[in-house]
Amino acid sequence: MSLVLATWNVNSLRARIGRVVEWIEYAEPDVLCLQETKMNDSAFPEGVFNDLGYSSVHHGDGGWNGVAILSKVGLEDAEKGMGDRVDEMGCRVVSADCGGIRVVCVYVPNGREVGSKFYHDKLDWLASLRSYIARRYRPTDALVVCGDFNIAPDERDVWDEKAFEGATHVSDSERAALNDLLAWGLSDCLRAHYSQADLFSWWDYRGGAFHKHQGMRIDLILATMPVLSRCSFSLMDRNARKGDKPSDHIPVMAWIGDE
DNA sequence: ATGGTTGCGAAGCAA
C-alpha cells in the first residue's frame, strides 16, 4: 500500500481545529500525527475526523502535551505511552499500525535551559525513547518514528548557529541522543531528498521570525530502511504558517510508495 | 532593548 504520512505540532488542537481540518482537506494525508493537542481524551474531536474518513487514537490528559494519530488506511494495535517501565513526563507518545506501517508519534520535551532539571529530563526521556524503540521493534520492521523532536539535527537546521550558542535544541548532548536513535536504524526522510540549509518546520511567533526566515527544523519523520527505501518524496508545508492563527510549527510530509 | 507572541485561563507560565 502506498500512503502519504504527515506530522504536525498544532500548538492546541482546540485553537487549531479549523486550520487542521482545512489542511487535511487540501493535503489529504493518509496518516496524520499530531502533537501538543493540549486536551483530554474526552475532549478530542474524534467525530470531526471520522467525518473526514479518519480513525484516530488520542493520548492526552489536558496538560501541555497530548499526541494523536489519525489514519484513513486503518489504525490497529494502538499503544499509549512507552510501556509500564517508562515515565513519559506527560502524554508524549502514541503508536499504531497504519496501512502496514508501525507509526510512533512523539512529542519530545523542550528542555527549557541547557543544564536545567528540564534539560536533563529531556536527555533522560530521549534515552527512554531509544530503549523503548529498541525493546519493541527491529530495524528491519516497517517503522516510522515522527513528531516534534525539539532538536535541530545539525547546523543546516537553524537559521543562525551563532544565535543558538548555549541554547537548547542544538547542544551536543541533545544531538548525540538523537544520533543514538538514528544509529539504531532510523533515517531522516526529508534529508533523503534535500540536503540544503534553511528548510525549517518551526518559527517563533515573536518578532516576525517567519518572515525573516529565522526558524529551525525540529519536526522530523524518521523511518527504518524498509520504509525509507519506499520514500519517494518529502516536504514541509510553509503555507500552513501563513494566514489566520497558524501554529508555530508546520506539517512535515513523506510519500511512501508501494512495497 | 533580557525585548518579542501565542495558548491557557483568568496571573503568570510554558513554549
Side-chain angles (χ1 to χ4, degrees), chain A residues 7-23 32-45 48 58-68 87-94 105-126 129 146-153 157-171 173-175 177-178 200-220 236-252:
Chain A
T7 181
W8 192 7
N9 179 325
V10 294
N11 184 19
S12 170
L13 184 56
R14 190 174 286 101
R16 214 68 59 209
I17 186 64
R19 293 294 303 252
V20 172
V21 169
E22 171 196 49
W23 190 80
L32 175 57
C33 295
L34 302 176
Q35 300 86 37
E36 275 199 83
T37 62
K38 299 187 179 180
M39 56 173 53
N40 279 302
D41 289 345
S42 59
F44 183 73
V48 172
H58 179 260
H59 180 36
D61 60 8
W64 273 280
N65 311 313
V67 287
D87 177 7
E88 270 183 285
M89 296 165 49
C91 300
R92 297 178 175 275
V93 181
V94 66
C105 170
V106 305
Y107 175 45
V108 177
N110 175 286
R112 302 192 193 178
E113 303 281 340
V114 171
S116 70
K117 173 189 184 297
F118 301 95
Y119 176 77
H120 292 292
D121 288 347
K122 177 182 190 177
L123 297 176
D124 290 345
W125 193 96
L126 287 160
L129 176 66
C146 66
D148 178 358
F149 284 80
N150 271 316
I151 299 170
D157 300 313
V158 296
W159 64 275
D160 181 4
E161 271 196 285
K162 289 190 287 295
F164 287 88
E165 279 180 21
T168 55
H169 297 63
V170 301
S171 71
S173 295
E174 289 164 278
R175 285 174 169 168
L178 177 61
F200 302 137
S201 68
W202 173 90
W203 298 262
D204 201 305
Y205 282 124
R206 297 168 290 186
F210 178 65
H211 298 285
K212 290 190 274 190
H213 308 291
Q214 298 178 347
M216 286 194 279
R217 191 175 71 94
I218 54 179
D219 299 273
L220 310 174
M236 302 188 285
D237 181 13
R238 285 175 51 88
N239 187 57
R241 189 62 173 78
K242 303 173 184 175
D244 293 331
K245 292 178 73 66
S247 172
D248 44 356
H249 297 251
I250 61 173
V252 183

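Each chain gets a letter, A, B and so on, in the order the sequences are listed, and its residues count up from 1. Values reported hereafter were calculated over all heavy atoms of this structure, with side chains retained and with hydrogens, waters and symmetry mates removed.
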Original post:
Once you round it to whole Å, what is the distance between C1' of B:dA15 and CZ of A:R92?
Top reply: 11 Å
Original post:
Pick the nucleotide of DNA chain B nearest each of A:D248 and A:T37; which residue has the one closer to the 5' end?
Top reply: A:T37
Subject >> Under-4.0 Å side-chain N/O to phosphate OP1/OP2 contact, A:R206 with B:dG3 >> reply: no
**OP:** Determine, step by step, whether A:W202 and A:N9 satisfy the side-chain contact (heavy atoms from CB on, under 4.5 Å) criterion, reporting the C-alpha distance in whole Å, the side-chain angles of both residues, the deciding distance to 0.1 Å, and the verdict.
**Re:** CA-CA 9 Å; A:W202 173 90; A:N9 179 325; over 6 Å; no
Subject >> C1' gap between B:dT2 and B:dC8, integer Å >> reply: 24 Å
Original post:
Is there a donor-acceptor pair under 3.5 Å between the side chain of A:R92 and the backbone N or O of A:Y107?
Top reply: yes
Original post:
What integer distance in Å separates A:M89:CE from B:dA14:P?
Top reply: 13 Å
Original post:
Rounded to the Å, how far apart are A:H249 NE2 and B:dA15 P?
Top reply: 11 Å
Subject >> Phosphate OP1/OP2 of B:dG7: any A:R14 side-chain N/O under 4.0 Å >> reply: no
**OP:** Nearest whole angstrom, please: distance from the P of B:dT6 to the CD of A:E36.
**Re:** 15 Å
**OP:** Please state how far atom CG in A:N11 lies from atom C1' in B:dC13, giving the value in whole angstrom units.
**Re:** 14 Å
Original post:
A:Q35 has an atom CD; how far is it from atom P of B:dA14, in whole Å?
Top reply: 21 Å
Original post:
Given that A:G207 and A:A15 both sit by DNA chain B, which one's nearest nucleotide is further toward the 5' end?
Top reply: A:G207
Original post:
Should the pair A:W159 and A:F164 be assigned to parallel (<30°), tilted (30 to 60°) or perpendicular (>60°) ring geometry?
Top reply: perpendicular
**OP:** Using distance alone, with no hydrogens and no angle criterion, decide if A:E88 and A:H59 have a side-chain donor and acceptor under 3.5 Å apart.
**Re:** yes
**OP:** Take atom CE of A:M216 and atom P of B:dA15, then tell me their distance rounded to the nearest Å.
**Re:** 13 Å
**OP:** Provide, to the nearest angstrom, the distance between the CG atom belonging to A:D204 and the P atom belonging to B:dG7.
**Re:** 13 Å
Subject >> Pairwise P distance for B:dA11 and B:dA1, with rounding to whole Å >> reply: 33 Å
Original post:
Hey, does the side chain of A:R16 come within less than 4.0 Å of B:dT6's phosphate (OP1/OP2), counting only N and O?
Top reply: no
**OP:** For B:dC13 versus B:dG3, give the span between their P atoms, rounded off to a whole number of Å.
**Re:** 13 Å
Subject >> P-based separation of B:dA10 from B:dT5 [nearest Å] >> reply: 23 Å
Original post:
Does A:K38 make a side-chain N or O approach to OP1 or OP2 of B:dA14 shorter than 4.0 Å?
Top reply: no
**OP:** Flag the pair A:R19 and A:E22 as a salt bridge only when some basic side-chain nitrogen lies within less than 4.0 angstrom of an acidic carboxylate oxygen.
**Re:** yes
Original post:
Which value, in whole Å, describes the distance between the P atoms of nucleotides B:dG9 and B:dG4?
Top reply: 25 Å
